[in-house]
Every structure is written in structure tokens, then in C-alpha cells.
Trainee: 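Before I ask anything, let me first share the structure, which is written out below as C-alpha cells.
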There are 2 protein chains.
Amino acid sequence: MTPADSTAANELLAVRAAELYYEENKTQDEIGAILRVTRWKVGRLLAQARERGIIRIEIVHPRARRLALERDLAARFGLKDAVVVPAPADEVELQARVSEAAADWLVSHRPVPRLLGVSWGRTLHQVAEALPSGWSTAVNVVQINGGVSLSKRPGTAAATAVMIAQKAGGQATLLPSPAILERLETKKAIEGDRTVGGVLAMARGASAYLYSAGVADTSSVHVDSGYLTPADIARLVERGAVGDVIGRYITADGTIADPELDARTLGLGLEELRAAAWSILVIGGEAKHPVARAIVTHGLCSVLVTDEHTARALLDEHDASSPDLAPHDLATTASREDAP
Amino acid sequence: MTPADSTAANELLAVRAAELYYEENKTQDEIGAILRVTRWKVGRLLAQARERGIIRIEIVHPRARRLALERDLAARFGLKDAVVVPAPADEVELQARVSEAAADWLVSHRPVPRLLGVSWGRTLHQVAEALPSGWSTAVNVVQINGGVSLSKRPGTAAATAVMIAQKAGGQATLLPSPAILERLETKKAIEGDRTVGGVLAMARGASAYLYSAGVADTSSVHVDSGYLTPADIARLVERGAVGDVIGRYITADGTIADPELDARTLGLGLEELRAAAWSILVIGGEAKHPVARAIVTHGLCSVLVTDEHTARALLDEHDASSPDLAPHDLATTASREDAP
DNA sequence: CACCCATCTGCTCATGTGAGCACCACCCGC
DNA sequence: GCGGGTGGTGCTCACATGAGCAGATGGGTG
């Protein structure tokens with residue numbers, strides 16, 4: 001018998017063994033009797049079948065996760081944790097799944113944060129909604145960047161923080177300030193205000209931060225809210241901005257796209273996010289791949305909650321800061337509001 | 001905690017457990033530690049996940065089989081054995097798979113038949129080709145129905161029998177006669193010939209029969225071979241013929257469609273097939289569902305080798321002899337030569 | 001022709017796993 | 001409030017399984 005013969009014969013045997021084991025629930029011993037081989041050989045055949053991919057095991061469930069991708073992400077980007085959900089075809093569904101996953105992560109995260117700093121946006125609001133009542137006990141919540149009072153949906157930012165706190169039986173502390181001020185002096189003045197300053201100080205002491213990110217295009221919530229004009233966005237994109245993190249626009253290099261604008265942006269700084277023990281980024285969808293990449297490759301988050309496609313896009317990048325990324329392409333990608 | 005809550009919570013736990021068990025190869029004990037439940041609960045969660053179909057195990061291989069369907073077929077139709085292969089989209093591929101499966105069955109069948117009676121046709125030829133050299137030792141082969149000498153492919157019938165015998169190191173005995181004679185007297189005369197009579201006697205003593213079946217339409221090999229005219233076929237179809245078994249046209253009731261024609265057909269009779277310990281039908285493809293049903297529901301085969309779609313079609317039939325089958329529809333179904 | 005290396009085989013033994021069982025908590029009707 | 005269910009839990013124990021190893025096999029090479 002040539003080696004080729006025995007390999008082929010083994011493959012057939014392996015298929016038979018796999019059928020009997022996985023479909024007929026027979027023991028390896030019984031299978032051995034049927035196929036006229038020893039039970040040890042059956043075990044080996046099954047091992048081979050698994051290795052060669054003859055046996056495909058799939059977990060079909062909306063709440064399933066992609067643990068292998070999670071491990072790869074954590075290893076590649078030095079994350080403390082990663083959560084990757086299978087991506088449904090539907091973008092709306094995808095956002096919902098990612099948000100649910102973030103809520104799940106929060107619920108089971110230990111140690112429970114005493115104080116949780118949160119940003120706002122559609123994604124974060126979904127996370128808040130996905131949290132079960134009583135998801136934790138006495139977790140207080142503090143906003144980490146200026147609100148959305150000018151928005152078409154007033155109160156969303158506040159509602160998000162309040163909901164998260166309420167469901168954990170804690171208190172929410174809101175940051176009573178616009179996201180971006182028109183003049184630097186105003187920003188400094190507001191920052192100096194005891195109330196605002198106090199909230200910012202509290203935010204700096206949070207034990208974990210939960211935030212999402214927005215895309216640098218004209219559908220940004222900053223444009224909707226009137227903080228920025230489409231022209232401002234165009235200028236940011238020209239300077240290489242890929243999106244915003246807690247209201248601050250960054251480039252693919254992970255640096256501030258426009259320092260002047262950034263100085264007028266009120267809230268936690270990027271360095272504080274980077275230094276935090278637990279900074280949890282919740283982000284999903286094609287349009288956000290560039291900003292997700294910028295955040296993840298430059299250490300702005302320590303936990304990433306995302307979808308399978310985003311995860312693969314991040315892992316496929318051979319050089320995250322490759323210069324052939326044409327930034328203006330990003331401004332044209334379709335995307336929905338979600339910020340800061 | 002309401003029952004609904006605990007059910008949902010269990011489902012999530014089950015998904016997590018399944019991921020850790022099947023994708024991460026952790027032990028139930030380790031999973032218990034991670035999910036903070038006892039290892040027995042992990043076992044139960046996994047059992048639930050399997051029951052609910054959260055875990056899908058699939059065997060992806062061209063030689064895979066459908067054991068559940070095989071069992072159902074055997075039970076429903078009182079077969080000694082059944083082989084069902086997954087159906088590829090491609091009809092040519094499907095015929096190849098079914099033939100391979102038949103060859104596999106022959107190779108591993110015990111007891112090894114001393115003498116194997118074979119029919120002929122494209123399917124049987126493929127089976128012969130799929131058999132490995134040395135598939136058995138000293139199995140002699142005998143043709144069980146008249147040959148195809150008038151055919152466009154002279155010698156195929158003989159080649160099939162010879163190849164099967166040769167590969168098992170045995171002798172082939174051919175039936176030197178046309179399949180259908182023009183006159184009854186001629187048929188009786190040939191049958192009485194010592195050579196032909198001897199072969200027929202030998203065929204009656206075979207320990208197993210291997211055959212396929214043809215569809216009753218104008219693409220039948222009997223038309224190609226000149227044994228029957230398209231008009232003959234039309235007449236047979238009018239009488240309810242669905243196809244032929246070793247040259248004999250039968251109706252959905254499993255009876256001879258045209259006794260006069262049948263009397264002129266030389267070879268083993270249906271009753272001899274029915275009485276045989278091992279009569280192995282190799283049949284696949286959409287067009288052959290009606291004739292397969294006729295054969296299987298009327299006990300003409302004891303072993304069925306087929307494809308998944310045919311198997312399901314056979315099992316879906318609530319009443320195989322239901323009168324609302326319009327026989328002339330069958331004549332219009334596309335089909336390729338394969339007979340008798 | 002003898003040797004060697006690589007692979008495969010059947011085994012022992014430790015570990016992993018599922019069936020079955022006693023128990024407990026909770027829910028419901030009385 | 002109280003028994004009787006009903007479903008879930010943790011356990012024992014027997015069985016199934018995989019790791020690791022010694023010996024066999026077989027094909028190629030000096």
C-alpha cells in the first residue's frame with residue numbers, strides 16, 4: 001500500500017468516524033467495532049478530521065463571539081481585553097449587537113468600577129439601553145466631555161449617562177458645557193467655573209471610561225449639533241483627521257488634527273484616556289474602520305468592543321500608519337452620526 | 001429572577017460555554033471557573049446548546065454521508081441498508097458521487113458475494129470505474145440482462161462487467177443476447193440456447209445483484225440502442241411506465257407496464273430481483289425520482305444507494321401509489337441515458 | 001543485505017465527561 | 001399557611017477519552 005493510498009483511505013475512514021461520532025453519537029469504541037479499527041485509531045482519525053477541517057463546528061447565535069479574533073486583537077494591540085461579535089449583514093443590527101456586547105462586558109467586568117466616565121453618542125445610548133436594570137450596584141457615572149445641547153436630539157447625552165447610572169443604582173454627574181466653544185477664552189472661563197471644573201476633576205478620577213468615536217465627515221454629530229460647519233470638517237479632513245474621540249479630532253497617526261480647535265474642545269484629554277487603566281472603546285461598522293484603527297494602534301483604548309469585520313480590518317493592516325491612506329476618501333464614506 | 005430571565009441568562013451562558021468548549025478547547029472544569037458555575041452546570045449548558053441547535057456540527061467532505069436519511073430510508077422501506085450522499089449542485093458530480101458511494105459499499109460489504117449479478121448502463125459503468133483494483137478477491141461477475149450491442153457505445157455493457165470482475169481478480173460471464181427481442185419466439189429460442197440458458201441459470205444463483213434504473217422517456221438508452229422507438233416509449237408512458245429495471249419497464253405500482261414487451265425482454269425477472277438476498281440499486285438525480293420510488297416502495301431492492309435529494313423525495317411521499325401522479329409528465333422530464 | 005529513520009500501532013494511565021440520584025427552592029392550589 | 005409538585009443543583013460513580021510511550025513496520029540508503 002503506497003502512502004498516498006493509506007492517506008486517502010484514512011481520510012475516508014476519518015469521514016466515517018466523524019459521522020458516527022458527531023452525528024450518531026456513538027462512542028469511539030463502537031465506531032472502532034464498525035470500522036474494524038482499534039478505538040485509539042478512531043481517536044486519531046477524529047483528531048485528523050478536526051485538524052483538516054473536515055469537521056466544522058459553528059456556534060450560531062446572535063450573542064456569539066469571535067474569541068480567536070479577540071485574542072489576536074489583544075495580542076497585536078496590547079489590549080487588556082477585546083470583544084468581537086459576528087457581523088450581521090444589516091448595519092443597524094450590527095450596531096445593536098456591538099452595543100449589547102459592550103453592555104455584557106460591563107456587566108461582567110471585575111472589579112466593578114466605582115466611578116465610570118462616559119462619553120455620549122448613538123452607540124453609547126444603545127449601550128445604556130442594553131444594560132439590564134441592576135447591572136451593578138452603586139456605580140456612579142460622570143460625563144467626560146461636553147454635551148449635545150445644540151443637537152437635534154436634546155438631552156440624549158444626559159439621558160445616556162443618567163440611564164447607565166440609574167440602572168446600576170448610582171448617581172450621574174453631568175458636564176454642563178458645550179462640546180466645543182467658539183472662543184478659547186470662553187472655554188477657559190467655563191473650565192475654570194467651579195461646577196465644570198469639579199466635574200472635570202471628578203472625571204479624571206474615574207476608574208474606567210466608556211466611549212465610542214465618530215467619523216470625520218459631514219454627517220458627524222458635531223455638524224448636526226452646529227458645533228462645526230461642513231467647512232470645518234473639510235478643513236479637518238484636509239489636515240488628515242479620520243474621526244473624533246470624546247470630541248477631539250485625530251489623524252491616522254493618533255495625533256490631534258487641529259490643535260487650535262482642540263484647545264477649544266472641553267472635556268477629558270487624549271492623554272488621560274491613554275493613561276487610564278480601563279478605557280473601553282465601543283465601535284462598529286465599515287465607516288469607522290479608519291478611526292478605530294487610529295485609536296487602537298495608538299493606545300487610546302485598553303478594551304475594544306467591535307464587530308468581526310472591523311476586527312479583521314484592524315488585523316489585516318500591515319502598517320497602520322502607511323502613508324498611502326488617502327484621507328479625503330474618508331470624508332466621502334457614508335456614515336451616521338455617532339460621536340463625540 | 002423570573003423564569004424568562006433565567007432562561008435568557010442560561011442561553012447566554014450556554015453560548016459562552018460552547019465557545020470556550022468547542023473553539024477554545026477548554027475543559028468543562030476550566031469553563032466552570034471562567035463562568036463561575038460548577039462543571040456539571042457547564043455540561044448541562046452544553047447539552048442544552050446542542051439540543052437548541054446553537055452548536056452546529058457539519059462534516060464537510062465529498063465522501064460524507066447522510067446517516068440519518070439512510071436510517072429513515074431503511075426503516076420506511078424495509079431495506080437491509082441504504083447509502084445517501086450529500087447532493088452536489090452539479091448533476092454530473094452527483095452521478096459520480098453516487099457511483100463512488102456504491103463502490104465503497106461493495107468494497108466493505110460482508111459477506112463478500114461469491115457471484116455478483118450486474119446490469120449495465122452509465123451509472124454501473126461509473127461504479128465499475130470507481131472500484132479500486134483488488135477491491136475484493138475472487139468475486140465472479142455475471143450479466144443479468146441482455147446487452148447493448150446495438151448501442152452507440154458498443155461494448156459498454158461487457159466492459160462494465162469485465163472491469164468489476166477484473167478488479168476483484170474474478171471472472172466475468174457475459175450474457176450474449178440482445179436486451180429485447182423483436183419476436184417472442186426468438187426470445188424463447190435464445191433463452192433455450194445452452195449458452196444463454198446457462199448464463200441465465202448462473203445469474204439466478206448470484207448472491208447479490210447490482211443495478212441501476214432508467215427513466216421512461218425518449219432519451220432512454222433503449223431508444224438510443226434501437227431496441228425501442230420513441231413511439232414505443234410513448235405507448236409505455238401511456239400505460240403508466242415510469243422507468244425500467246434491468247430492461248423491464250414498470251409503473252409506479254411496481255408492476256410490469258407492458259406484459260407483451262416484457263415477455264420479449266431477456267434477462268432476470270423482477271421476482272428474482274425481489275427474492276434476492278442482496279439487490280443493490282444505484283440511482284441518483286431528479287429525473288429518476290419516480291422510478292426510484294416505484295422500485296423502493298415495491299421491494300425490488302434491498303439496498304439503496306442514492307443522493308440526498310432523492311432520499312428526501314422518497315421519504316416525503318406520503319402515499320407512494322397516490323393516483324394523482326400524472327404519468328405522462330414523466331415522459332417530458334429531462335434525463336440522460338442510463339439503463340436498463 | 002543490513003541498517004536507520006520515520007511513521008504508525010496498540011497500549012497504560014490520568015483525566016474529562018455524562019447518567020443517575022438525592023436534595024433543595026420555589027410555586028401553586030387548597 | 002401547608003403539602004405537593006416541578007425544575008434546577010451538586011454530587012457519586014462508571015465510562016469515555018486523550019496524552020504519552022514502547023514496540024512494530026516499512027521504505028529508503030550505504
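Source: prediction; values computed, not measured. So that the names make sense, note that chain A is the first sequence line, chain B the second, and so on, each numbered from 1.
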Trainee: Please encode protein proximity along nucleotides 10-16 of chain D as a string of B, S and -, counting only heavy-atom distances under 4.0 Å.
Mentor: BBB---S
Trainee: Between the side chain of Lys80(B) and the main-chain N/O of Ser279(B), is any donor-acceptor distance below 3.5 Å?
Mentor: no
Trainee: If you measure from CG on Leu46(A) to OH on Tyr22(A), what distance do you get to the nearest 0.5 Å?
Mentor: 6.0 Å
Trainee: Going by an N to O cut-off under 4.0 Å, is there a salt bridge joining Arg65(A) and Glu19(B)?
Mentor: no
Trainee: Within the 4.5 Å heavy-atom criterion, are Asp307(A) and Arg97(A) side-chain neighbours or not?
Mentor: no
Trainee: Can you measure Glu51(B) atom CD to dG18(C) atom P for me and round it to whole angstrom units?
Mentor: 12 Å
Trainee: Within this structure, what is the CD-to-C1' distance between Glu24(B) and dG16(C), rounded to whole angstrom?
Mentor: 18 Å
Trainee: Do Ile283(B) and Leu304(B) come within less than 4.5 Å of each other through their side chains, counting heavy atoms only?
Mentor: yes
Trainee: In whole Å, I'd like the distance from the NZ atom of Lys26(B) to the P atom of dG18(D).
Mentor: 17 Å
Trainee: Rounded to whole angstrom units, what separation is found between the CG atom of Leu20(B) and the P atom of dG16(C)?
Mentor: 16 Å
Trainee: Do Arg52(B) and Glu11(B) have side chains that approach each other closer than 4.5 Å (heavy atoms only, starting at C-beta)?
Mentor: yes
Trainee: Between dG7(D) atom P and Asn10(B) atom CG, what is the distance in whole Å?
Mentor: 14 Å
